[in-house]
Amino acid sequence: MRLFTVVIALLLSVVATAQTHLDYSKLADHPRLIIKKGDIEAVKQKVESDQPLRIVHDIIERRANEFIPLEPTKYRKVGKRLLGRCRAVLERVCYCSYMYLVSGDEVYARRAEKEMLAAADFVSWNPSHFLDVGEMTTALAIGYDWLYDWLSPESRKIIEDAIIEKGLRASDKKRWWSKSHNNWNQVCNGGLVMGALAVYERVPEEAQKVIAEALQGNPKAQEAYGPDGVYPEGFGYWEYGTWYEVMLIESLRTALGTSCDLEKAPGFLESAKFMNFMVAPTGAAYNFSDCSNPINVVNPLLYWFALETDNMSLVWQDRQTLLNEEQFRGINRQAPIAMLFAARCDTKNIKPITEKCWYGDGCQPLFLYRSSFENKDASYLGVKGGTAKNSHAHMDAGSFIYEWGGVRWAVELGSQDYHSLESKGIGIWKKGQQSDRWRVYRLNNYSHNTLTINEQLHQYKGMATMEKVIKKKKCHGARFDLSSIFDDANSVKRTIYIDNTDKLTCIDQIEASNKECNVRWNMCTFAKARIIDSHTISLKQNGKEVLLRAIAPKGAKAYIMSNNSGTWYDVKNKGSRVGFITTINGEGRYTLKVEIVPQK
């Protein structure tokens, strides 16, 4: 950890030096954000020759056509956020601007202009929730830059004024997000830099200040990827924060000819492999932390990582999803930008990832195993350590998910809509052991596939570390030290692995304190559960069956419980909680061993 800190310190020094030597005399003409010379022609050729990319292009075109008759997005906050409106503007502007560039049809340019002028007329872009400003500044910067030659001087002036007044000048002096370790840093700094580069000629000194401050603060967000590529905020927030990181890097490259080496942050490029392994054979993501339940949603940003690492296998999985009409669920609002990256790639003869496991350390250590990338019935194991102190984290140290036979047997319920809790007065953003956040069922340990001792919450400040990775011919897994997560035990270590028969084994070694402890081994499932005997539970789903067996201790008792807390603020959940309860009598060492056995 000390070495990692030193590396980060050196990186910050390099970036600080790089940003002081930016040569603004080399600022490119418009379009200068992300687009390179030849990109548009390359996109046209790819659309004709590459079926998966043709599918993405057709979706963009269809969506852009749907936007044409719609009224521009109107100002409307939901709770404290304008974010949904800002994202709608970004999608409409980005899709329509792209379609104008590749088709030459001015109907798309006019629609993008109409959207930008309406957004420019908003009373503000909601600086009290600065993510909103970051996304809206991005939207108008891209549209202004990509359509610069088409826009009238009058429209340019209106859009420029909005970017300057409601974007660049909207942040307060505190700028807490500027040096945060999470996606806020990436979105806000990335959006402001794109805005500053777009309107540089109008306010050169202000623009340089914005860019300097962003480059000073942004490496703090990049620390999250280190040392190996695990993004601690999870699958959904990787896509969110990393999109803005990449747009920042590419905008600097195309506008000023340098990325300031931001892409060299430890773990950043490696995180693309993390994202590939975060998608299980069923197409559903491992949705730990504040993540919904994404399934079969492609992430075309991976084309950029494939270019950077010269590893086209990173996009194989997404391309297969695109070709399966029954599976494919959609693309994100920055998909047109990804088309520019994809057009630069050689997409012939792409092969799947051949490794079976991936793991990484950091503040949310993680082990991922997938027996095959080509078989939707393959087995899958994801297990994590970490701490509830992290941004968007849950009390889920030691939790796991498991798939076999095209079914996810051990599930994560995902996050609960923020506004649904905020509107009820639940303070989910306040941290600490007594925070309201841990009253929420989906966020505390009671709903996760881990241990609970004496029905107590996990310790907020605890940190579960990954002690050992198991990579053998016959089994793959990891061992985690959960000791600091629990108050009522001296030591807790969880070893979990999957063998060549797809059986999952979980061994919890507990060194008790000097008092009696009740230990609950919990697992959430959507399968139909039935207790066969005190140490065996049958789970059936989609014509498949697994048996959940408590091998030790002999006194462990099976249970099936509701997956609903019954509180007035928690959402209802499908499925049930299953597992085993045992009692530890005073000091000593105890082993709780549970297996999940596929019935083939």
Side-chain angles (χ1 to χ4, degrees), residues 30-31 33-34 60 63-101 106-171 187-200 202-203 206-207 210 240 243-244 247 251 332-337:
H30 296 286
L33 299 182
I34 303 171
I60 295 170
R63 290 286 290 151
N65 288 334
E66 291 171 354
F67 296 147
I68 300 299
L70 299 181
E71 288 297 311
T73 304
K74 290 181 170 58
Y75 183 95
R76 183 171 68 84
K77 290 172 65 175
V78 176
K80 64 182 179 181
R81 296 174 180 82
L82 187 67
L83 194 56
R85 298 285 149 154
C86 299
R87 290 172 174 173
V89 173
L90 175 56
E91 181 179 22
R92 293 178 180 194
V93 170
C94 196
Y95 277 44
C96 290
S97 298
Y98 163 89
M99 283 306 303
Y100 168 70
L101 292 176
E106 292 189 3
V107 69
Y108 296 114
R110 286 193 292 271
R111 182 61 185 84
E113 177 191 37
K114 186 177 181 181
E115 192 73 23
M116 288 190 286
L117 293 177
D121 196 44
F122 281 11
V123 62
S124 78
W125 294 344
N126 199 33
S128 63
H129 189 258
F130 209 80
L131 276 181
D132 310 4
V133 177
E135 295 237 30
M136 191 69 92
T137 304
T138 300
L140 269 66
I142 288 173
Y144 170 87
D145 180 66
W146 288 10
L147 302 178
Y148 185 87
D149 292 336
W150 181 88
L151 290 168
S152 69
E154 294 78 15
S155 289
R156 285 184 203 159
K157 175 69 164 52
I158 293 170
I159 297 167
E160 288 170 4
D161 288 347
I163 291 173
I164 294 166
E165 296 296 334
K166 296 170 183 176
L168 307 187
R169 295 175 181 171
S171 66
V187 175
C188 299
N189 276 322
L192 291 186
V193 168
M194 284 187 275
L197 291 171
V199 302
Y200 180 86
R202 275 282 306 275
V203 286
E206 279 188 62
V210 166
Y240 188 34
W243 253 114
Y244 274 86
M247 289 193 291
S251 294
N332 61 25
R333 57 191 173 280
Q334 295 103 333
I337 296 172

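Quick caveat: nothing in here was measured; it's all calculated off a predicted structure.
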Participant: Once you round to the nearest 0.5 Å, how far does OG of S97 lie from CG of L101?
Facilitator: 7.0 Å

Participant: Could you tell me whether R202 and D161 make a salt bridge, using a distance below 4.0 angstrom between a side-chain N and a carboxylate O?
Facilitator: yes

Participant: Which of parallel (below 30°), tilted (30 to 60°) and perpendicular (above 60°) describes H30 and Y144?
Facilitator: perpendicular

Participant: Which heavy-atom pair separates L197 from S251 by the least distance, and what is that distance?
Facilitator: CD1-O, 3.7 Å

Participant: Just jot down the salt bridge (Lys or Arg N to Asp or Glu O under 4.0 Å) partners of R156, sequence neighbours excluded, or say none.
Facilitator: none

Participant: Heavy-atom distance under 4.5 Å between the side chains of L82 and H129, does that happen here?
Facilitator: no

Participant: How many angstroms lie between atom CE of M194 and atom CG of D145, to the nearest 0.5 angstrom?
Facilitator: 10.5 Å

Participant: For the residue pair T137 and G167, what are the closest heavy atoms and their distance?
Facilitator: OG1-CA, 3.5 Å

Participant: Please test E154 against K157 for salt bridge (charged side-chain N to carboxylate O under 4.0 Å, His left out), starting from the C-alpha separation and ending with a verdict.
Facilitator: CA-CA 5 Å; E154 294 78 15; K157 175 69 164 52; over 6 Å; no

Participant: How far does CG of L147 sit from CD1 of I142, to the nearest 0.5 angstrom?
Facilitator: 11.0 Å

Participant: Please report the interatomic distance OH(Y200) to CD(E160), rounded to the nearest 0.5 Å.
Facilitator: 14.5 Å

Participant: Where is the tightest heavy-atom contact between G195 and L168, given as atom of each residue plus distance?
Facilitator: C-CD2, 4.2 Å

Participant: Tell me every residue that passes side-chain contact (heavy atoms from CB on, under 4.5 Å) with S155, counting only those two or more places apart in sequence or in another chain.
Facilitator: E113, L117, L151, S152

Participant: Side chains of F130 and L192: closer than 4.5 Å at any heavy-atom pair?
Facilitator: yes

Participant: With sequence neighbours excluded, tell me which residues meet side-chain contact (heavy atoms from CB on, under 4.5 Å) with R169.
Facilitator: I164, E165, V203, E206

Participant: Does S128 have any side-chain contact (heavy atoms from CB on, under 4.5 Å) partners at least two apart in sequence or in another chain, and if so, which?
Facilitator: N126

Participant: Measure the shortest side-chain to side-chain distance between Q334 and L90 over non-hydrogen atoms and say whether it is less than 4.5 angstrom.
Facilitator: yes

Participant: Could you tell me which non-hydrogen atom of Y244 sits nearest to which non-hydrogen atom of G191, and how far apart they are?
Facilitator: CD2-N, 4.1 Å

Participant: Kindly indicate, with the supporting measurements, whether the criterion side-chain contact (heavy atoms from CB on, under 4.5 Å) is fulfilled by V78 and L83.
Facilitator: CA-CA 8 Å; V78 176; L83 194 56; over 6 Å; no

Participant: Between V89 and A119, which heavy-atom pair has the shortest distance, and what is it?
Facilitator: CG1-CB, 4.2 Å

Participant: Determine, stepwise, if the pair W243 / R333 fulfils side-chain contact (heavy atoms from CB on, under 4.5 Å).
Facilitator: CA-CA 10 Å; W243 253 114; R333 57 191 173 280; over 6 Å; no

Participant: Could you go through the side-chain contact (heavy atoms from CB on, under 4.5 Å) check for I34 and M247 one step at a time?
Facilitator: CA-CA 7 Å; I34 303 171; M247 289 193 291; 4.0 Å; yes

Participant: Can you sort out the partners of K77 under salt bridge (Lys or Arg N to Asp or Glu O under 4.0 Å), two or more places apart, ordered by chain and number?
Facilitator: none

Participant: I need the single residue from M136, R92, R87 that forms a side-chain contact (heavy atoms from CB on, under 4.5 Å) with T73. Which is it?
Facilitator: R92

Participant: Quick one: list whatever passes side chain to side chain donor-acceptor pair (under 3.5 Å) with Y95, sequence neighbours left out.
Facilitator: none

Participant: Do V133 and S171 have side-chain heavy atoms sitting under 4.5 Å apart?
Facilitator: no

Participant: Does any non-hydrogen side-chain atom of E115 lie less than 4.5 Å from one of P72?
Facilitator: yes

Participant: Nearest 0.5 Å, what's the CZ-OH distance between F67 and Y108?
Facilitator: 11.5 Å

Participant: With a 4.5 Å limit on heavy-atom distance, are the side chains of Y75 and S124 in contact?
Facilitator: yes

Participant: Are more than 12 heavy atoms, taken from residues, nucleotides or ligands other than K80, located less than 6.0 Å from that residue's NZ atom?
Facilitator: yes

Participant: Could you check Y100 against R111 for side-chain contact (heavy atoms from CB on, under 4.5 Å), going step by step and ending with a plain yes or no?
Facilitator: CA-CA 10 Å; Y100 168 70; R111 182 61 185 84; over 6 Å; no

Participant: Checking W146 side chain against L33 main chain: does a donor-acceptor pair fall under 3.5 Å?
Facilitator: yes

Participant: Supply the atom-to-atom distance L140 CG to W125 CH2, rounded to the nearest 0.5 angstrom.
Facilitator: 4.5 Å

